[in-house]
Protein chains: 2
Amino acid sequence: MPKETFFNLPSEKRERFMAAALDEFALHDYRSASVSRIVATLGIAKGSVYQYFEGKQELYAYLVASAAAEKFAFIDASVGDEASGFFERFTSTVFHGARFDFTEPRLASILYNVTYEPGAETLSISARLKAASLEYLDGLVRSGIRSGDLRGDIDVGYVAFALYQLSASLRDYLSERFGFSFKAAVQAGSGSPIRDEDLHEVLRELVALLRGGLADTSSSTSRPTTSPV
Amino acid sequence: MPKETFFNLPSEKRERFMAAALDEFALHDYRSASVSRIVATLGIAKGSVYQYFEGKQELYAYLVASAAAEKFAFIDASVGDEASGFFERFTSTVFHGARFDFTEPRLASILYNVTYEPGAETLSISARLKAASLEYLDGLVRSGIRSGDLRGDIDVGYVAFALYQLSASLRDYLSERFGFSFKAAVQAGSGSPIRDEDLHEVLRELVALLRGGLADTSSSTSRPTTSPV
DNA sequence: GACTAATATGACCAAAGGGTCACATGACTC
DNA sequence: GAGTCATGTGACCCTTTGGTCATATTAGTC
């Protein structure tokens, strides 16, 4: 939805602009992100921004849409069609999603931030994104039930929601556990991909929880009421 | 950490101030919350706020601490000691936590907002709160393993984190599913408690997921690769 | 070189923010 | 009533924000 002027720009200039804008919104939430700061970084006049976009909101919407399109394309291309079972497909989707996040911390941060935008101005943008993710998971769960991978008595709506939360929050867990700072990565401009083994180890935990739950079903005594000294 | 002046205030005035400040921070995130708006609502001079608190940050920290103390006290008093198993204790904690949220939407919203504060200014405040919750869940999981309720091979750190995410996000799910708007409730000044049965129904889903997972273990064929026409 | 249309510019605006401070007010003591 | 000390006040300061617009520059065409 940028103005025509933006697309008429020499691609080098357009990309320089996008890079600066993505940086700004990756490092700050919507309200804190500053158009003035973007133009200061680029050394261009503020008026130029308003030749490209109607305003801050439109700029933001465009950045979010770009980031989302890139991430979805990456996941689609990576997951492929061979993974057929529910848990395999889910694992693969989350795995490649996380790989994308660590490789493209700038885009990932924007998509992460938008999830938690509280303001009314950004509501439609964030709601659309969340709805798309939930819809995908909803379909995945339904087909998992149909194929017999999942129990038939689960509440599809709630389970899709839980999967959404657990996969979205993975970023927090991974960055804490492996000491990865997305903010620092954005500032450094470099994505240092996480080790696949580390990622798989965490995903194994997540999928084990989702697959079989936490309850101990092995032992003979269901729960020893007193310590067996 | 408010100044002495604040505690010297006639309790009526102090409570009026607290009410207005809680409203403001329940309805807006830290940056968007406005000291000017609080004093305008109360009809007092802006200087007064700075007689009570060092600044906006200290005010915010105090409000968050107050809300957290009240919620924890409520949960502690409600859960009691009779619930002994892991899933019973977890359910009871989440249940009463949710009851608190719907009864005190103002305090609940502040505690919810602080979780997603992105700014550096509020980092220590939100980190402390999150750490306290994780520590509690960590202990709960450990004792669950010790008592034999939980499998011994789970990753305690990750499971505590997952429990944290699932219980924290319950608010979103409940408010969407039952059409409850926390914002509207704060503005109306009234908490309309959710029906206990509705809450229990959702908690049953959550605990079923946590207890036994999603995999269908009943059938003879683990997964029919082709549809059985 | 002249005309035209697209693009770039940055001084400027109004609004809002947190915070300050010299002063006013009130209450209590002697 | 005078003196004192805690409290209240609001005009004011500085900064920053998103956004505007008259003007300047550039590029392309004849």
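Chain letters run A, B, ... following the sequence lines, proteins first and then strands; every chain starts at 1.
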So [X] and [Y], would you call those rings parallel, tilted or perpendicular, with 30° and 60° as cut-offs?
X	Y	result
A:Tyr60	A:Phe25	tilted
B:His200	B:Phe95	parallel
B:Tyr116	B:Tyr112	perpendicular

Given D:dT9, C:dT9, D:dG19, which nucleotide is nearest the side-chain atoms of A:Ala45? C:dT9

Less than 6.0 Å separating the ring centroids of B:Tyr50 and B:Tyr52?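 Not under 6.0 Å, so no.
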
Taking donor-acceptor contacts at under 3.5 Å, does the side chain of B:Lys46 reach the base of C:dG18? yes

If I take atom [atom1] in residue [X] and atom [atom2] in nucleotide [N], what distance separates them, rounded to the nearest angstrom?
X	N	atom1	atom2	result
B:Tyr52	D:dA6	OH	P	15 Å
B:Phe6	D:dA6	CZ	P	19 Å
B:Phe17	D:dG8	CZ	P	11 Å
B:Glu121	C:dG18	CD	P	11 Å
B:Gln51	D:dG10	CD	C1'	13 Å
A:Lys3	D:dG19	NZ	C1'	11 Å
B:Leu9	C:dA27	CG	C1'	14 Å
B:Leu42	D:dG8	CG	P	12 Å

Base, sugar-phosphate alone, or nothing: which one does [X] contact when heavy atoms must sit under 4.0 Å apart?
X	result
A:Thr5	sugar-phosphate
B:Ala33	sugar-phosphate
A:Arg31	nothing
A:Lys13	sugar-phosphate
B:Ser34	sugar-phosphate

D:dT7 OP1/OP2 closer than 4.0 Å to side-chain N/O of B:Asn8: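 Yes, within the criterion.
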
Residue-phosphate contact under 4.0 Å: A:Ser48 side-chain N/O, C:dT7 OP1/OP2: no

By nearest nucleotide on DNA chain D, pick out whichever of A:Gln57 and B:Ile44 is the more 5' one.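 Final value for this comparison: B:Ile44.
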
Beyond-backbone contact of A:Phe86 with A:Leu210, side-chain heavy atoms, under 4.5 angstrom: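 No, their side chains stay 4.5 Å or more apart.
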
